[in-house]
Number of protein chains: 4
Amino acid sequence: MEKESPDRRIQRTRKVLHAALIELILEKGFDKVTVQDVIQRANVGRSTFYSHYKDIEDLFLSGFENLWSLFEQHLTGQSVEKAGVWDLSLVVFQHAQSYTGVYRALVGKQGGNLMSTHMHKYLSALMRETLKDQWDASKQVPLEIVVHHLASSLIALLTWWVEHDLPYPPERMNAIFQQLTQPAIESMLA
Amino acid sequence: MEKESPDRRIQRTRKVLHAALIELILEKGFDKVTVQDVIQRANVGRSTFYSHYKDIEDLFLSGFENLWSLFEQHLTGQSVEKAGVWDLSLVVFQHAQSYTGVYRALVGKQGGNLMSTHMHKYLSALMRETLKDQWDASKQVPLEIVVHHLASSLIALLTWWVEHDLPYPPERMNAIFQQLTQPAIESMLA
Amino acid sequence: MEKESPDRRIQRTRKVLHAALIELILEKGFDKVTVQDVIQRANVGRSTFYSHYKDIEDLFLSGFENLWSLFEQHLTGQSVEKAGVWDLSLVVFQHAQSYTGVYRALVGKQGGNLMSTHMHKYLSALMRETLKDQWDASKQVPLEIVVHHLASSLIALLTWWVEHDLPYPPERMNAIFQQLTQPAIESMLA
Amino acid sequence: MEKESPDRRIQRTRKVLHAALIELILEKGFDKVTVQDVIQRANVGRSTFYSHYKDIEDLFLSGFENLWSLFEQHLTGQSVEKAGVWDLSLVVFQHAQSYTGVYRALVGKQGGNLMSTHMHKYLSALMRETLKDQWDASKQVPLEIVVHHLASSLIALLTWWVEHDLPYPPERMNAIFQQLTQPAIESMLA
DNA sequence: TCCTAAGCGAGACGGTACGTCTTGTCTTCCA
DNA sequence: TGGAAGACAAGACGTACCGTCTCGCTTAGGA
C-alpha cells in the first residue's frame, strides 16, 4: 500500500527544492545559484520547478515565509502579549540560534541581501506596533525613522553575529542591542 | 590644436561608461542592468568595455571609488583635523545632497546593495579611528560591534533619506542620526 | 492528431538548419557563412544549434554524409555488383544532376573545398576496390597514386561541370572522363 | 654607416611578414592563422600590416606571386622556347623541390586550398598555350576541359607528393604524370 | 643643419562572431 | 493527471579578431 496522496507529493517536491536551495546558497551564495543548479540538486524536472515557483527569488521568499511563520509561532508561544522592542529582539536572536544553518544561508552576503529587505519590512511592522502608542507627532524624530533605525540595527547586528559564527549567546547579543538602542529611545520618550 | 591624446580617449571612454551605468541603474536598478545595455547606451564596443573593466560590478565599484575619493576631499577640505563621528556623518549627508543623482543610483535597492557593502567598509574604518582612543577592552560592548552598528545605522538612515527624496536638509538628518546613536555611546563612555 | 514527437522535432530542426546552410552557401559561399547567419535564417536558437552540431563545419559534413548515403543507395540500387571505375563515375554525374542545387552549394569554391576533401576520401576507397585486384606491385605507377589521380580528376571534372551550369548531359561527361583517364589505365594494365 | 633607405625598410617589412606567415602556416595551417598572429610574430605594428596588405589573403597571394615569378624565371631560364606540357610539369616538380619549405606551407590542406586556385589559373593559361595550336574545335573533348583536367591533375599530384614528403625525385614524379595523362592526349590528337 | 615627410610600433576603439550558459515556455511520455 | 524529461527560442556572457584610427618616435633626403 503506502500510496502517496497528490498533496503529499507536492509538499515533498517543495521541500526538496527548499533544501536544495539552502545547500547551494551555503556552497556559493544566493547570487551564484541558478535554477539549473537547484533542479539538478533536487532531482526535479525543469517544468516542475516552474509549476511551483515563478523564479528562484520566489522559491527563496517562500522559504523565508516558512521561516518567518516559525518565528511568529515562537513569538506568540513564549512571550506575553504586549511585548516590547527588546523582547522581540531577544526572540529574533534565539530563533536565529535554533536555525543557525538556515540563517547562515539567508542572512547577509550569502543571502544576497534579499532576506534583509523582507525581514526589515516584517520587523518594522512589529516594532511600529510596540511603539506607536508611546509616540506622538511632536517628537523630534519621526516614528517612521525610529522604526527604520531599530529594524536596520537589529538586522545589522544579527548579520554580524551570524557571519562571525555566533560568538556570544543570544541573551548577550540582545543585551548589546539594548545598550546600543535603548538610551536614545528612552531619552526621546522622556 | 584640440588633439586627443590616448590617455584622454581612455578617460573619455570610462566617463561615458560610468554615465551610462548611472542612467541605466536609475531606470531599472543595478541587478537588471547588463553589460549589453551599458555598451549600447555608451556607444562603446564590447571588447573595449572588457579592456577597461572585468565585469559590470567592476565598473560599478570603480564609479564608487571615484565618488568616495570626492567624499574624502570634501572631508579633509572642510573639517578640523580631529573630527568626531557626527562631524563625519554630517559630511556624508552633505555630500549625498551634492550628488543626489549618483547617490540615488548607488544607494539602497537600486544599487543592488553593492555600494552599501563597500561604503560600510570605508566608513567603519574612519569611525574606528575616531573612537578607538576613547575605548578600552573593558567596555561591555566590543568596539568592533559599536563601529559596525554606527556604520550600518548611518547607511540605513542615508538610504531612507535618499529613497524618500531628501525630505529634510542634511543638518536635520545629521541631528536625527545623533539623537539615535549618541546617547548609547555617551552612556558607554561614562 | 498531428502531434509531434520529440524525435520528429529534432529531425525538423536539423532539416531547417541544413536547408538554411545550403541557401546561404549559394548566396555567399561557405567561407562567408557564419553560425549567426544560419540560426537566424533557420529561426533556431543559438544553443539549439550547438546542441546538434559542434560548429558550422560539423553541420556541413553532416549534410554531406546525408548526400553521400543517398549516393550509395543510388549506386547499389542500379548497377551490377562488380562495377568498374567508369560505371562509378557515371553514377556520380547522374547523382549530381539529380541534386543540382545541393551540389552547386557543396562542390568547388562555394563549398570551400571542404566537400572535395571528404568526397575524395570516399571515392578513393571505392576506386581502390575496383582496381586493386588488377594491379600488382610491379607496376611503374603505384596504385595509391593512380587512385589519387582518378579521384582528383573526377572531382575536378565534376566541379567544372557544376560551376559551368551542367552544359552537357551526365553521359557525355562520363564519356569525357573516360577518354581522359582510361587510355593511361589500359596501357598500364597491358 | 649602413643607412636604410625608405624603400629598403618597406622591403624588409614585407619580408618579415611573409616569413612570419610561412612559419605560422607550417605550424597550424593557413585557416588558423590570424592577422594578430602574423604581426606579433613579425614584430610589426597593426596599422603597418594594413598599410601593406588588404587582409591576410592578400599577404598570402603576394607571397604566391613572388613564388610564381621565381617559377617563371626558372621556366624561361632553362627550357627551350616552345616547351610541351610535360616539360612544363617537370619544371613544376623541380621548383617545388627547390622550395620545399614554402611549398609545404602553401600547397594542399595547410595552404587552405587558396594557392591551388591561383596556381590552377596560371598553369591552365600556360598549358592552353602549348596545346591550342594542335587542337581544333572538332575534337570530342573541348580544349577547355582538357586544360582544366591537366592542370588539376598536375596540382593533385604535386599536392600528394609534397604531403607525402617527396618520396620520389622530381623526374620520377614527372614520368608518372606523363604516364597518367599523355596516352589520352596522344589518342585524341591522333 | 635643420625640418619635414614617411615608415613604423603601439594600441584604443566600434564592431561582429564565437561557443557557453541560463532562462522560462512548451510538448511528450510515463506511472 | 501530475511530474520527469528535455527540446527549444531568446539573449547575455566573456573572448578573440577584425579593420580603422590616432598617436609619438625615428630617420631619410631636400631646403
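Each chain gets a letter, A, B and so on, in the order its sequence line appears, and its residues count up from 1.
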Rounded to the nearest Å, what distance is computed from the [atom1] atom of residue [X] to the [atom2] atom of nucleotide [N]?
X: D:R9; N: F:dG29; atom1: CZ; atom2: P; value: 11 Å
X: B:Q11; N: E:dG11; atom1: CD; atom2: P; value: 17 Å
X: C:R8; N: E:dT27; atom1: CZ; atom2: P; value: 17 Å
X: B:F30; N: F:dA12; atom1: CZ; atom2: C1'; value: 14 Å
X: D:D31; N: F:dC17; atom1: CG; atom2: P; value: 14 Å
X: C:K15; N: F:dC8; atom1: NZ; atom2: P; value: 14 Å
X: C:D55; N: E:dA17; atom1: CG; atom2: P; value: 16 Å
X: B:I10; N: F:dC23; atom1: CD1; atom2: C1'; value: 12 Å

Quiz item: Could you give all pairs that pass the salt bridge (Lys or Arg N to Asp or Glu O under 4.0 Å) test and reach residues 45-58 of chain B, with sequence neighbours left out?
Solution: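 Of all non-adjacent pairs touching residues 45-58 of chain B, none passes salt bridge (Lys or Arg N to Asp or Glu O under 4.0 Å).
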Non-neighbouring partners of [X] that pass side-chain contact (heavy atoms from CB on, under 4.5 Å), sequence neighbours left out:
X: B:E72; value: B:W68
X: D:T117; value: none
X: D:E27; value: D:E23, D:L24, D:R41
X: A:K109; value: A:E163

Exercise. Go through residues 56-63 of chain D and report each residue with a non-hydrogen atom lying under 4.0 Å from DNA chain E, sorted by number.
Key: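 Residues of residues 56-63 of chain D that come under 4.0 Å of DNA chain E do not exist, since none gets that close.
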Quiz item: Is the closest side-chain heavy-atom distance between B:V102 and B:L106 below 4.5 Å?
Solution: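 They are in side-chain contact.
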Quiz item: Any side-chain heavy atom of A:T13 within less than 4.5 Å of one from A:F49?
Solution: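 Answer no - side chains too far apart.
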Exercise. Pull out every residue in residues 32-49 of chain D that has a heavy atom closer than 4.0 Å to any atom of DNA chain F, ordered by number, or say none.
Key: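 Output list: D:T34, D:V35, D:Q36, D:R46, D:S47.
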Quiz item: B:Y50 side chain N/O closer than 4.0 Å to the phosphate oxygens (OP1, OP2) of F:dT15?
Solution: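 Result: no.
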Quiz prompt | Under 4.0 angstrom between D:H52 side-chain N/O and E:dC8 OP1 or OP2 | solution =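 Indeed, a polar side-chain atom of D:H52 lies that close.
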Quiz item: For C:Y99, what residues pass the ring-ring contact (aromatic ring centres under 6.0 Å, His included) criterion, not counting sequence neighbours?
Solution: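 Listed in chain order: C:H95.
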Self-check item: Residues forming a side chain to side chain donor-acceptor pair (under 3.5 Å) with D:D37, sequence neighbours excluded
Solution: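 Listed in chain order: D:K28, D:T34.
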